[in-house]
Amino acid sequence: MCGIVGITGVEGAAGAVYKRLKLLEYRGYDSAGIASLSDGGFSLCKRRGRVYSLGGDIKHLHGKTAIGHTRWATHGKPSDENAHPHIFGKFAVVHNGIIENYAHLKDKYFSGVEFNSETDSEVAVRLLQHFYDGDILSAVKKTVKLLVGSFALVIMCSDFDGIIVAKNKNPAIIGYGVGANYCASDAPALAGLCSEITVLSDGDIAVLTSDEVTIYDGDLKRVVREKIKNPALASELDLNGCPHYMLKEIREVPQSVTKTCDAYVCTSDKLRKYLKGIERIIITGCGTAYNSGLIGKRYFESFAGIPVEVETAGEFRYKQPIITDKTAVIAISQSGETADTVEAAKLVKNLGGKVIAVTNSPYSELTRIADAVVPVEAGQEICVAATKSYTGQIAALYLLALTVAGKDVADGAKKLYSVSELTKNLIEHTDIGSLADMCARSDGVYFLGRDLDYAVATEGSLKLKEISYIPSEGYPAGELKHGTLALIDIRTTSVVIITDKSLAPKSENAVEQILSRRGKVAVITNLKDVAEELKEKALILEIPECDKYLSPILSAVIVQLLAYKTSLLLCRDPDKPRNLAKSVTVE
Ligand code: F6R
């Protein structure tokens, strides 16, 4: 959360930072700011609002070195004062993360001093100035040693034409240019600009000038960090004629499935080795990643007969999990940076367990911790709401479960390819307008299903509430009568997913119970007789028949399209829902 960028060695650096910050807005977008350094002094432009609100004003920021920030508020409301950069004395700072002991540091070092903002971050810039005696690196070292919590800090000092980056728990990368060097939170910010990057490790302090990058550890000993190819491609950041990233990314669901299959085949032997003899699996993740874990559970239990627990990472990490050498923990995360998931994985490693990461981010914190990685090849996901990464995760879990069960992975991949083709058609030809209209006019929307359909219902509900702000819940259809039915009236819509023939009559009961209470109903189904039976009573959305275990991929794109369209009808911004950000790197 929060996107940070630093550039040194580029004429008009502030303009370049502005352009790059826009590519990081998915990390936060409630306020933004840029500071530049020229002739030994800072110029600053920051305010509440999105990066574009800085607009014309940044033309007054001169110099070849600049830093910028796009914020997701943690401490202090979104406001001009709380926007970064924070400047004090000879230092300017942007910060991603949370300084947990900021109140204590403020009391200890600055008792009685009035700060300019309500942020935790301001204490960092004050400490830098406090410790500065002409030696910048020593001031940085002393400052970061005092900070408890998570941070990626990008620092300018007016005595030095360059940038300093300090990292602990929050992501920071360095990008290499010609006569210029760069830093950012994430690779997409440097797509098309730097072909090589370095992912900094916790404790690193990097010093960037226009022609050199030097990396130190926390004690200022020089360290060598690997340069890797920048995985983010500029072409992936293009909207390709779509009005929003969300629609573009839903359209990329088919290829996220096939590319994940292709990548999986190359890693399956290694994974088989890691999972040999496993008797229990715990799946953990947050939000959409957790929801894909619910589907994964069914795969491992049905194909391999291995018991699986699924826990949200934020809960799991604060329990005392029982981990033996026969337990595998599968940590699912699109970004590989989600704080709760990363900490859950660290906990498992500390307990001597095995961690398998299922992630779309090959160079993330999670991949460094994990014993083995199952790649999700969804490509860059920019929309805050996860779409193609969810279906990529389902594909990866399906193949992993086949591997654990000793079943034919090639046959599984074939089935996934054919579902991918069906998905293409479905996305192109589904008319979601009437159902979206029903939802947009509703006070509440309930997603119901049984077994795998229930798992998709949880995701449908998350997606809808996230980008339309309509109250919504996902329930097992059988639970309806145990409480939720009290909420049903003429102002509610229930979306019932029915793809399993053996369970269809039970879910149809739920439909009847809702109709009897005058609730509106839509049914997503691949069963002709269900569609026929209910067509006079409910709005029917038919999806094609496919392998029963893979129907979640098809129903997923329907609920994703539904959320997208409903969000548009309510004039929301589907790519940047209120209060949210992608990559939740704080607790
Ligand atoms: C919902 C959504 C979030 C993420 C969650 C975990 O659309 O995107 O619920 O799924 O924050 O993120 P990752 O997968 O990056 O760990």
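Because only heavy atoms are used, hydrogens play no part in the values below, and waters and symmetry mates are left out as well, while side chains stay in. For ligands, and for the atoms within them, numbers begin at 1 and follow the listed sequence.
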Peer 1: Which residue pairs pass the side-chain hydrogen bond (donor to acceptor under 3.5 Å, both in side chains) test with at least one member in residues 561-573, sequence neighbours excluded?
Peer 2: Arg50-Asp573, His244-Tyr564
Peer 1: Could you tell me which residues satisfy salt bridge (Lys or Arg N to Asp or Glu O under 4.0 Å) with Glu25, sequence neighbours excluded, listed by chain and number?
Peer 2: Lys576
Peer 1: Any salt bridge linking Asp500 with Lys548? Criterion: basic side-chain nitrogen under 4.0 Å from a carboxylate oxygen.
Peer 2: yes
Peer 1: Does Arg578 make a cation-pi contact with Tyr469, if we ask for NZ or CZ under 6.0 Å from the ring centre and within 45° of the axis?
Peer 2: yes
Peer 1: Please collect all side-chain hydrogen bond (donor to acceptor under 3.5 Å, both in side chains) contacts where either partner lies in residues 308-317, sequence neighbours excluded, each pair once.
Peer 2: Arg280-Glu309, Glu311-Lys319, Arg317-Asp340, Arg317-Glu587
Peer 1: Near ligand 1, which residues have a heavy atom under 4.0 Å away from one of its atoms?
Peer 2: Cys286, Gly287, Thr288, Ala289, Ser333, Gln334, Ser335, Thr338, Val384, Ala385, Ala386, Leu462, Lys463, Glu466, Val584
Peer 1: Just checking Lys259: does its NZ atom have more than 12 heavy atoms from other residues, nucleotides or ligands closer to it than 6.0 angstrom?
Peer 2: no
